[in-house]
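In what follows, a structure is listed as structure tokens, so that the remarks can point back to it.
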Amino acid sequence: MHAVQKIQKFEKRHPRLGPLFWIASIQFFITQVVVALFWPVPYSLTNHTISDLGNSACGMYAERYVCSPLFSWMNASFMVLGITMLAGSVLLYQQFRKNPGSAIGFWFMGLAGAGTILVGLFPENSIGWLHSLGAFLPFSLGNIALIVLGLSLDLKPAFRLYTLLSGIISLAAFFLLVSHNYLYLGIGGMERFTAHPQTIWLIIFGFYLAGTARRAQKILKNT
């Protein structure tokens, strides 16, 4: 059986698995809080980046002091997030009308997940260019995916607007981040405006689809 047909068959048998993968992204926020609490010095949401939590050495890095005893937890969290983004994209694509926009949107989000895996595999203080490449994919393609999906998927008007705004705001923040214009938010604050709206959207979209599936099942039972 062709690989695509296998995926389609699997998704039909387990329609809630795709949304659950994206809902699982919530672990990323929980892990950040726990790992930051174990720093021997205060972790700053504005002056420290998310990747600082996965830095595997204590000392000065990029003109800021980092020391993350639970760095392995954070890097594992990056990889789990990337896997759920990628797997969720593959499965959820099957639930929507096939058109160039939906294909591009879910492909880009899948590539963003692959990049997030790289971020966890290669901490910022290891192979720098692979870490940077990994971060570039969700920061750029992941946020572009939100815009494309907002334009191409059959969504309620309010959710369509939320999706588009999430992508536009995060993409604008990414351009400000790479141009070192932090707008008094610091490098950590601007990076969070680049990354977090996308992850929050994944969680909310997962719940949105899970709720839609439950409503559809109730309708079918009553007919």
Side-chain angles (χ1 to χ4, degrees), residues 16-39 43-56 66 68-92 105-106 108-126 130-146 149 162-163 165-167 169-171 173-174 177 185-210:
R16 293 184 182 179
L17 191 57
L20 286 175
F21 272 129
W22 279 10
I23 292 171
S25 300
I26 198 169
Q27 62 81 22
F28 184 61
F29 294 107
I30 297 171
T31 303
Q32 286 185 63
V33 173
V34 173
V35 173
L37 288 174
F38 278 83
W39 274 42
Y43 176 82
S44 171
L45 293 176
T46 56
N47 296 326
H48 289 107
T49 67
I50 304 171
S51 292
D52 287 344
L53 293 169
N55 195 305
S56 59
V66 299
S68 186
L70 300 183
F71 67 88
S72 59
W73 287 30
M74 192 67 235
N75 291 324
S77 179
F78 278 124
M79 288 186 280
V80 170
L81 176 62
I83 291 168
T84 55
M85 289 171 67
L86 179 56
S89 297
V90 172
L91 293 176
L92 290 176
F106 284 112
F108 276 16
M109 191 61 75
L111 288 172
T116 306
I117 295 172
L118 282 179
V119 171
L121 285 174
F122 301 99
E124 63 183 6
N125 62 315
S126 59
L130 283 174
H131 182 87
S132 297
L133 173 62
F136 174 79
L137 292 174
F139 288 176
S140 58
L141 296 187
N143 289 324
I144 292 172
L146 294 182
L149 291 173
Y162 165 61
T163 303
L165 287 177
S166 295
I169 291 172
S170 295
L171 201 58
F174 175 57
L177 179 68
L185 296 173
I187 186 173
M190 188 57 69
E191 185 190 44
R192 283 168 173 79
F193 267 97
T194 302
H196 283 177
Q198 178 186 136
T199 310
I200 293 171
W201 180 88
L202 292 173
I203 298 166
I204 294 176
F205 193 56
F207 278 115
Y208 172 80
L209 291 179

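Everything numeric in this text was worked out from a predicted model, so none of it was measured. Side chains included, hydrogens not; waters and symmetry mates left out as well; all remaining heavy atoms used.
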* Within a radius of less than 6.0 Å around CZ of Phe136, do more than 12 heavy atoms belonging to other residues, nucleotides or ligands occur? -> no
* **Audit row: Phe29, Ile203, side chain to side chain contact (heavy atoms under 4.5 Å, CB included) steps and yes/no** => CA-CA 11 Å; Phe29 294 107; Ile203 298 166; 3.8 Å; yes
* To do: Classify the angle between the aromatic ring planes of Tyr43 and Trp39 as parallel (below 30°), tilted (30 to 60°) or perpendicular (above 60°).
  => perpendicular
* Any side-chain heavy-atom pair from Asn55 and Pro123 closer than 4.5 angstrom? -> no
* Asked: For residues Ser68 and Asp52, is any side-chain donor paired with an opposing acceptor at under 3.5 Å?
  -> no
* To do: Locate the shortest heavy-atom distance separating Ser166 from Pro197; write the atom from each residue and the value.
  => O-CB, 4.3 Å
* At what distance, to the nearest 0.5 angstrom, does CG of Leu53 lie from CH2 of Trp73? -> 13.0 Å
* Candidate pair Ile50 and His196, rule side chain to side chain contact (heavy atoms under 4.5 Å, CB included), full reasoning -> CA-CA 10 Å; Ile50 304 171; His196 283 177; 3.6 Å; yes
* Structure fact -> Phe21 meets the side-chain contact (heavy atoms from CB on, under 4.5 Å) criterion, sequence neighbours left out, with Leu17, Thr84, Ala87, Leu91
* Distance-minimising heavy-atom pair for Asn125 and Ser56 -> ND2-OG, 2.9 Å
* To do: Could you tell me which non-hydrogen atom of Leu146 sits nearest to which non-hydrogen atom of Met109, and how far apart they are?
  => CD2-CE, 3.8 Å
* Asked: Taking atom types as modelled, is there a side-chain donor on Asn75 or Ser72 under 3.5 Å from an acceptor on the other?
  -> no
* **Residues forming a side chain to side chain donor-acceptor pair (under 3.5 Å) with Thr163, sequence neighbours excluded** => Trp201
* What is the minimum heavy-atom distance between His48 and Arg192, and which atoms define it? -> O-NH1, 3.2 Å
* How are the rings of Phe205 and Trp22 set relative to one another: parallel (under 30°), tilted (30 to 60°) or perpendicular (over 60°)? -> tilted
* **Gln198 side chain vs Ser170 backbone, donor-acceptor pair below 3.5 Å** => no
* Can you see which heavy atom on Gly110 is nearest to which on Leu86, and at what distance? => O-CD1, 3.4 Å
* Say you draw a straight line from CD1 of Ile117 to CE of Met85; how long is it, rounded to the nearest 0.5 Å? -> 9.0 Å
* Inter-residue atom distance Leu185.CG - Leu45.CG, 0.5 Å rounding -> 11.5 Å
* Under 6.0 Å from the CD1 atom of Ile26, do we count more than 12 heavy atoms belonging to anything else shown? -> no
* Could you tell me which non-hydrogen atom of Ser140 sits nearest to which non-hydrogen atom of Leu171, and how far apart they are? => O-CD1, 4.0 Å
* At what distance, to the nearest 0.5 angstrom, does CZ of Phe78 lie from NE2 of His131? -> 6.5 Å
* Who pairs with Leu20 by side-chain contact (heavy atoms from CB on, under 4.5 Å), at least two apart in sequence or on another chain? -> Ile23
* With sequence neighbours excluded, what pairs up with Leu177 under the side-chain contact (heavy atoms from CB on, under 4.5 Å) test? -> Phe139, Tyr182, Ile187, Met190, Glu191, Thr194
* List in chain and number order the residues that pass side-chain contact (heavy atoms from CB on, under 4.5 Å) with Leu118, two or more places apart in sequence or in another chain; answer none if no residue qualifies. => Phe122, Leu133
* Can you run down the salt bridge (charged side-chain N to carboxylate O under 4.0 Å, His left out) pairs that involve residues 18-29, sequence neighbours left out, and say none if there aren't any? => none
* Leu81 side, atom CG; Leu202 side, atom CG - distance, nearest 0.5 Å -> 7.0 Å
